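It should be emphasised that the depicted structure is a prediction, and the values quoted were computed from it without experimental measurement.
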Amino acid sequence: MTRTLPPTSPAADPADRRRGWCPSALRPMAAADGWLLRLRPPEARVDGPALRRLSAIARRHADGAVLLTRRAKLELRGIRDPDATTAALRAAGWMEDETTAALPDQIISPATDIDTAAIADAMTVHQRLHAALSGRDATLDLPDKFAVAIDGGGRLGVPEVHADIRLDALDDRHWRLAVAGSRASATSLGCWQADVLTAAVTALIDRFAAAQTAGSPGPRRMRDLLARDGARRLAEACPPPRAKEPRSAPRAGGPPILGYHDGLGHVIAFAFGRIGADALETIADGLARRGEHLRLLPDRRVLLPAADANDSAALRAAGALDTPGDPRLGLAACIGRGGCAQATTATRADALALAARAPTVAGAGEVGLHVSGCAKGCAHRRPAAVTLVGRAGGYDVVVAGAPDEPALWTGLAVAAAGSRLAALERIHVAQRQDGETPLAVFRRLGRQRLLELSEAEIAGE
């Protein structure tokens, strides 16, 4: 059921506009469990006092938790009164002004200032681009999901982020500018030195904005403009490159890290990215004590700089996950029934129960198990090792595919889906080769072979 914004909502308050508040900064969105709001902390960092204020707002106005998003944002759900919630957020300093709200998301590697393995300082590049875009007379009118990824490398780089524009450090002075993809899949436009990088990015954004207004329909994302104009024409819109692009691509990072790492601090995650108010306050107290900021990563991990290894017990007691291979790390699930009118299953409760049936599939360092309330796949639209798609109170099971791809089995109750998942777990353990992820194993085996092996496994139960 879709609800419209009431006349008394923050988005309709002229007084807020006079204060420079923009509805796009904090636009309440209707959901089956109430309203939701997404917050974009400056530089993807939050200090202890700000986090404690947000925890109090979550307790009083929302469902008592904050969700980490895959764009390094924070989300409040279950909001009962959007007016009161927005007023509380404004008073707590959690409001973007009109200019900032109109800027595209910048998803940055958050620790290049302290990570000795980093290639270049991503924060400086972010700050220069932010200043250049903020200083314009005209307000940008870009699609809501338009994003720039700035990857300085290191242990907490952002190589997997799919962005409209990617900046990948090649060394401490040179950056590759690429469009429409992750570090591995984006199309390179060339190599720029850091001192002209901002001009190149703003020129590319101008080219996209001009294409949107030049005709109808305009490109929805940068991939559409790339398909229309090609990489050469897009590169020609930027200032000339100041350096030759190295033959080698940007250095690949290692697997996602968790736990305490000397020189960085504590890297932690939470099941489904949901941090309860008690955990928020535990984290906030530690940050305030150390004078540090929480740093958000786009894969729902967070970094607590300068945290001591002895903090592990308190963090785990607060619900933090900091052990690689924990099956809960490989779970993706939307809000499910009760939070979305299109969902007919309790996705998160089912995902937690099903993860125990396939721990190596779920916890293999990628999204191994995706439980979706419907075929839209809001929590993870790309392929997973196994995707359960809710339908009429049961599940269709997609193996090595995305939620909208053909299912291997259809119309299963949760118990039957669990049996199939347990069979796939045994197949993965028996068939995997060195270095293969569950997704790679299932893709290699193929649909028909998976059906044959699964039938044999289920018959032998």
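The structure places CG of Leu296 at 11.0 Å from CG of Asp299, a figure rounded to the nearest 0.5 Å. Atom CG of Leu421 is separated from atom CZ of Arg426 by 10.0 Å, given to the nearest 0.5 angstrom. To the nearest 0.5 Å, atoms CG (Leu294) and CG (Leu304) are separated by 6.0 Å. Atom CG of Leu129 and atom CD1 of Ile205 lie 5.5 Å apart (nearest 0.5 Å). The distance from atom CG of Asp151 to atom CD of Glu160, rounded to the nearest 0.5 Å, is 10.0 Å. One finds the CD1 atom of Ile257 at 12.0 Å from the CG atom of Asp322 (value rounded to the nearest 0.5 Å).
The two residues Leu264 and Ala111 come nearest to each other via the heavy atoms CD2-CB, 4.0 Å. Here the closest heavy-atom approach between residue Pro159 and residue Ser182 is recorded as O-CB, 3.4 Å. Closest heavy-atom contact between Val46 and Leu74: CG2-CD1, 4.4 Å. Of all heavy-atom pairs spanning Leu424 and Ser454, the tightest one is CD2-OG, 4.0 Å. Shown here for Val161 and Arg166, the closest heavy-atom pair between the two residues is O-NH1, 2.9 Å. Minimum interatomic distance between Pro403 and Arg382 (heavy atoms only, all atoms of both residues): CD-O, 4.3 Å.
Between Phe146 and Phe208, the ring planes lie tilted relative to each other; the angle falls in the 30° to 60° range.
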Can you check salt bridge (charged side-chain N to carboxylate O under 4.0 Å, His left out) on Arg38 and Asp144, steps first, answer last?
CA-CA 12 Å; Arg38 292 194 181 104; Asp144 286 343; over 6 Å; no
List the steps and the verdict of side-chain contact (heavy atoms from CB on, under 4.5 Å) for Leu388 and Leu369.
CA-CA 8 Å; Leu388 273 62; Leu369 175 60; 4.0 Å; yes
Go through it in stages, so that I can follow the logic: the residues are Leu39 and Leu54, the test is side-chain contact (heavy atoms from CB on, under 4.5 Å), and I'd like the CA-CA distance, side-chain angles, deciding distance and then a yes or no.
CA-CA 10 Å; Leu39 312 171; Leu54 185 61; 3.7 Å; yes
Do Asp164 and Lys145 pass the salt bridge (charged side-chain N to carboxylate O under 4.0 Å, His left out) test, and can you show the C-alpha distance, the side-chain angles, and the key distance before you say yes or no?
CA-CA 9 Å; Asp164 294 272; Lys145 293 186 177 181; over 6 Å; no
Evaluate Thr85 against Arg80 for side-chain contact (heavy atoms from CB on, under 4.5 Å), listing each step before the verdict.
CA-CA 8 Å; Thr85 306; Arg80 297 170 290 278; over 6 Å; no
Please walk me through it: do Leu167 and Leu177 pass side-chain contact (heavy atoms from CB on, under 4.5 Å)?
CA-CA 5 Å; Leu167 305 174; Leu177 173 57; 3.4 Å; yes
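Counting heavy atoms from C-beta outward, Ile268 and Arg316 have side chains that stay 4.5 Å or more apart. Between Met95 and Thr86, some side-chain heavy-atom pair lies under the 4.5 Å cut-off. Leu89 is not listed as a side-chain neighbour of His61, based on a closest heavy-atom distance of 4.5 Å or more. Residues His428 and Glu436 are not in side-chain contact: their nearest non-hydrogen atoms beyond the backbone lie 4.5 Å or more apart. A heavy-atom distance below 4.5 Å is not found between the side chains of His380 and Thr387. Here the side chains of Arg337 and Thr344 are not in contact, with every heavy-atom distance at 4.5 Å or above. Put simply, the side chain of Phe272 does not reach to within 4.5 Å of the side chain of Leu67, judged on heavy atoms.
A salt bridge links Arg59 with Asp278: at least one charged nitrogen is closer than 4.0 Å to a carboxylate oxygen.
In this structure Arg77 satisfies the salt bridge (Lys or Arg N to Asp or Glu O under 4.0 Å) test together with Asp33, Glu75, sequence neighbours excluded.
Distance alone, capped at 3.5 Å, is enough to place a donor-acceptor pair between the Glu425 side chain and the Val361 backbone. Using a distance-only test at 3.5 Å, with no hydrogens or angles considered, a donor-acceptor pair links the side chain of Thr112 to the main chain of Ala122. A side-chain donor-acceptor contact under 3.5 Å links Asp396 to the backbone of Gly411.
Residue Arg60 places its CZ atom among 12 or fewer non-hydrogen atoms of other residues, nucleotides or ligands, all under 6.0 Å distant. Heavy atoms of other residues, nucleotides or ligands lying less than 6.0 angstrom from CZ of Arg220 number 12 at most. Environment of CZ in Arg300: crowded, with over 12 heavy atoms of neighbouring residues, nucleotides or ligands closer than 6.0 Å. Within a 6.0 Å sphere centred on NZ of Lys73, other residues, nucleotides and ligands contribute more than 12 heavy atoms.
Under the side-chain contact (heavy atoms from CB on, under 4.5 Å) test applied with Ile108, the options Arg295, Arg45, His126 reduce to a single match, His126.
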